[in-house]
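We number each residue from 1, following the sequence as shown.
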Amino acid sequence: MAARGFLQIAPGRRVTLNGVEWTIEDVHGQFGRLVLVDDDGRTETRSFRWLLNHPDLRLLPTVEESGRPSPVARQPRTRADLTEDQLERARLRAAHVLEAETGFREGHPARAMPGEPRPAYDPDRTTLTQRRHAKAAETKAMPRPEAVRLGLQHLSYRTLERLSALSGDSLLLACADGRWTRRRSGHRSITEEIREAIFAVKAECGERARLSMSAKHRLMHQYMSERFPTFPTKKIPSRSTLDHVWKEWFGPGGARPRYERTAEAAAEAGVSGRMVVHRPGQVLVLDSTPMPVKLRETVFGDAVTATLTLALDLYTHGLPAFRLTLQSDTSVDIAMLLRDVMLPFPMRDGWGEDMEWPYAGVPADVIAEFTGHRVAALPFFAPETVTTDHGGPYKNHDLVEAEREIGCRILPARVLRQTDKFAVERQFLTVQTMLFEHLLGFTGGDVSDRGADPERDASLTLAQAEHIIATWIVQIWQNRKLGEYAPSWAPGEDHSPNTLFAAAMEQGGFDLDFPEPSFYYKVLRKHHVKIHPRRGVKILGLWYHHPVLDEPRFQQPSARGGKHARQWVVRSDRRDRRQVFLQDDADHETWHILRWRGLPPEGEIPAFSDKTAGALLAHVKANNIRIHSESELLEHLLGILGSVTPVDQWPSQAKKKAGKKQRVAQAREITRAQAAAADRPSIPAPADEPTPAEMPAAWAEHARTIDRAVDTDRRRRREEALAGTRPVARPTLHEALSRRPMFLLPPRDGSEADRAAREEEA
C-alpha cells in the first residue's frame, strides 16, 4: 500500500474520474505508477502525481467504510446562518481584504470613507503586491487579543491572494469562521442497534397513550437488553441524547396521540395535502360552536346558550351566511343555511348606503330588480364543494340529500383533523375577539375565564344578537384587510373579502341565478308514502289531509318508478309538524299544504316540532290510549304544550315549579317554529286553504292560545256528542224547587198573583 498526502492508495480502491468509476488494480510504489481498470475492462497506467492532481477525482467508500455512517450532506451556507455579531466580524475581515485589493474598505473609490485611501494602500502610488504585504504586516502588528477577536491572526499574503477571486456575499462567507457553521456530524453513540431500538419504541408509542421521554428511554433499555444482550449498557445513549435525537428524527411531537394516529392512517391511505381554491364558492366550510354570550329567550326571559353556525368561503374568507339557534342546531337549520348562501342578503333598518351591494359589473339596481328588495354588500353564490366535520347534524342523511339537491359535492373533513377546516375554526376566535368580548353576557372561552354571573348580565335577545352579528359581518368583516389570507397573486395590494369577490367577478364573471321560492321545499325531508282514500297520508305517526287528495288523480298510485315505485313524495319540516307539503304532479310549481287532521277547523294551535310529536305518540302508547281519530290526539297534545305553569301564577313562587330545562325546551319549540315560518316562502295560498298563523313570541299569548284551543276542542266534542239528541222543553222538578225556597209558606189570601204563581209551579 502506498500513501500520498491524505489519500491512501491501495489495490481494490475505487475512484471516480470524470464520472467514470475505476478500480486500482495494482500499485508500483517504487516506480510511482498504478494500474486503473474500469467496469468495461479497459486498463490504463497512470502516475501517482496525475491521480492526486486530477480535478475530478472522487473517492468511493470501501467495504469497511460503508458500515460507518457517511457524513451528512448539507446545503451551502448563506448570510442568514450567521448571527449579528458573526456577520459584523465577517464584514470587518472582508473590509481588510478589500482595502488590500482596492485601497478602500468598501471596495470602490465612490464609497471612500474619511481618510481613505491611506498612504500604504493608495492604488495610485502602490502596487497590489505592496498592498497585500502591507496588510499582512499590519495584521501581524495588531495586539493579539484584537487580532484574535477579528480572526486576523492568520491573515497572510497567501490568504489575501486566495481571497482576491471572491466578491460580494462569497467574500463575506469566506471571511466567516467555518466553525460558526460547521457541519453537523450527528450522534456517534447512535449505532445501528440503537437506531433499531429507537424506531421500535416509536412504533410502540404510536398505539399507546402519551409517554414521557423517561418512559421511552426505559423502553429503549428494555429493547436493547432483550434483543441485543451483549451490547454494552454504558454505550446506550442517555435520556437527554435520546430527547435530542427524537426531536431531530420525529419532530417536537406536540400533537395528541389520537391525532397522530389519524394523520398516519390518512398518509397511508394517500389522503394528504391541502386543496388550492381559485374562485369564490369553490369550497364552502361549515361549522357550529356554542356562542360565548348568554342571551335572553323571549318566551320566559331565561338566560340561554345559542349555537352559532358559520358558512365561510375559503377563497375570499367571507361569511356569506350564518345561523343562530337555541341550544343545538339540526339538519334542517344547516340545509336552510346553505339556501341562505345562495340568496341575496336583504338590507335592514338602520343600514346606510355604504352597506349596500357595491360590486362592479352587476349594479345594485339590477340585483334589486331580481330580488324585489335592496341587497346588502354580502356575496352570494352557489357552493361547489361543502366541507363539514362529523357532527350529528352534518352526517344526517336529510342534509346529505339536501346538499345533493343543491348540486354541491360533499367533502367531509378527516376525523380529528381540525386543519382540514382551519379557516372556520380560526374565524370563530376572530368573531369572539372582535365582537363577542364587547357584549354583555360574555362567558369567555373557558369555564375558568367566566365572569361572576354571566346569566345576570345577559340582556340581548336572539333577534338582537342576530342583527348585531349581521351588521358586524356586512359592515366590518367583509371590508377588513386580510393579513395572512391575502391572495398570492397580489402580494403588494390590500384586499378584503369584498374586494376579492369583486376581483373574481371581473376575472370569471358572475352567474346571476337565484334559487326559486320552491327551493325551500326541495331541501326538506322526503317521505315516500301512499295516499289513503279517506284519511290522507301518514307521516311519522300523524295523518295529514287536504281536499285536493280527494281528486281522482290522487286516489290512484303514483306513476313514479324506480326504488319507490307507485309512491308519492311528501316533504316535512321537522320544526313545525302542523303541516306537510305535497308537490302537484301536473303542475310542478304548485305545492299543496296538507294539514294535520287533528287541527281544529277554526282557530290555530301553537306549532310543535318532531320532538313534541314523538312525546305525544309515546304518551299515547305508554298509557294504552285507544285513538279512533286524529282529533282525539289534540287534547293530549294541548296538555303537553301547556304543561308549564300557567302565566296567571307568575311572578310568584309557582315559576320555580317549572324547571329551567322544561322552560328552555318550550322556548326552543316556539323559536324553531318562528324560524320555520321565516324560511317558508311567502306564496299566496288558495282561498279555501287555511294557512298556519304566526307563532306568538310571549308565553302569555302562547298560554291564551292554548286555552282558546282547549275551549274550541271541548265545544266541538260537546256539539258532536249532542248532535243526535232533542232539547228538553220544560224544566225538571228539581229546577223548579231550586228557584223558590222550599220552606217559604204561601200567603193566606188567594189573590190572582198567588194563584198565577201556583199555576206556574204546577
Side-chain angles (χ1 to χ4, degrees), residues 262-263 265-289 309-323 329-344 378-428 485 487 497 500-501 504-505 507-516 518-526 562-563 569 571 679:
T262 305
E268 293 177 358
V271 181
S272 61
R274 291 181 178 177
M275 177 180 294
V276 180
V277 292
H278 306 281
R279 56 189 176 276
Q282 185 177 357
V283 177
L284 187 73
V285 189
L286 306 181
D287 199 7
S288 303
T289 188
T309 305
L310 288 181
L312 183 137
D313 177 35
L314 199 57
Y315 179 77
T316 62
H317 283 266
L319 300 174
F322 73 97
R323 283 262 167 166
D329 52 355
T330 60
S331 58
V332 180
D333 299 316
I334 306 301
M336 294 302 154
L337 177 69
L338 291 176
R339 189 194 67 157
D340 294 342
V341 174
M342 306 170 61
L343 291 175
L378 191 64
F380 59 93
F381 45 78
E384 303 177 19
T385 303
V386 175
T387 298
T388 64
D389 59 8
H390 295 264
Y394 297 101
K395 294 191 299 183
N396 191 285
H397 62 279
D398 296 331
L399 178 60
V400 174
E401 186 66 24
E403 291 171 340
R404 292 174 180 172
E405 186 70 31
I406 293 176
C408 57
R409 295 183 296 271
I410 306 172
L411 184 64
R414 292 173 291 177
V415 179
L416 302 176
R417 298 296 291 174
Q418 293 89 341
T419 54
D420 290 351
K421 51 186 183 67
F422 67 96
V424 70
E425 295 285 355
R426 183 63 179 84
Q427 190 64 36
F428 284 124
Y485 298 135
L500 277 180
F501 185 77
M505 290 176 57
Q507 295 174 1
F510 182 67
D511 185 13
L512 194 62
D513 186 14
F514 306 141
E516 299 178 354
S518 60
F519 186 78
Y520 161 79
Y521 305 105
K522 295 182 180 180
V523 298
L524 296 179
R525 183 177 181 180
K526 294 189 298 185
K563 180 180 179 180
V569 179
R571 311 267 181 166
D679 293 332

Before accepting this row, confirm whether a basic side-chain N of the pair Asp340/Arg323 lies closer than 4.0 Å to the acidic partner's carboxylate O.
yes
So among Thr385, Val523, Ile410, which one has a side chain to side chain contact (heavy atoms under 4.5 Å, CB included) with Glu403?
Ile410
From CD1 (Ile406) to CD (Glu401), nearest 0.5 Å:
11.0 Å
For Thr309 and Ser288, the nearest pair of non-hydrogen atoms, with its separation, is OG1-OG, 2.9 Å
Which distance, rounded to the nearest 0.5 Å, do you find between the CG of Asp398 and the CZ of Arg525?
5.0 Å
Mind listing the closest non-hydrogen atom pair of Asp287 and Glu425 along with its distance?
OD2-OE2, 3.0 Å
Hey, is the main chain of Pro393 close enough, under 3.5 Å, to the side chain of Asn396 for a donor-acceptor pair?
no
Specify the closest pair of heavy atoms between Arg571 and Tyr521, including all atoms of both residues, with the distance to one decimal.
CD-O, 3.2 Å
Leu310 side chain reached by Phe428 side chain, heavy atoms, under 4.5 Å
yes
Rounded to the nearest 0.5 Å, what separates atom OG1 in Thr330 from atom CG in Leu399?
9.5 Å
Min side-chain heavy-atom separation Leu286-Thr387 under 4.5 Å:
no
Is there a donor-acceptor contact under 3.5 Å from the side chain of Asp313 to the main chain of Gly281?
yes
Donor-acceptor pair, distance only, cut-off 3.5 Å: does the side chain of His317 make one with the backbone of Ala423?
no
Side-chain donor-acceptor contact under 3.5 Å, Ser331 with Tyr394:
no
Does a side-chain N-to-carboxylate-O contact under 4.0 Å join Arg279 and Glu384?
yes
Do side-chain atoms of Gln282 reach the backbone of His278 as a donor and acceptor pair under 3.5 angstrom?
yes
For a quick test of reading the model, state the closest non-hydrogen atom pair linking Leu319 to Leu378 and the distance between them.
O-CD1, 3.2 Å
Of all heavy-atom pairs between Pro320 and Pro379, which one has the smallest distance, and what is that distance?
CB-O, 3.6 Å
Once rounded to the nearest 0.5 Å, what's the spacing between atom CZ of Phe381 and atom CZ of Phe501?
7.0 Å
Could you grab the distance from atom CG of Leu338 to atom CG of Asp333, nearest 0.5 Å is fine?
11.5 Å
Donor-acceptor under 3.5 Å (Arg409 side chain, Val386 main chain)
no
Nearest 0.5 angstrom please: Glu405 CD to Phe519 CZ, how far?
6.5 Å
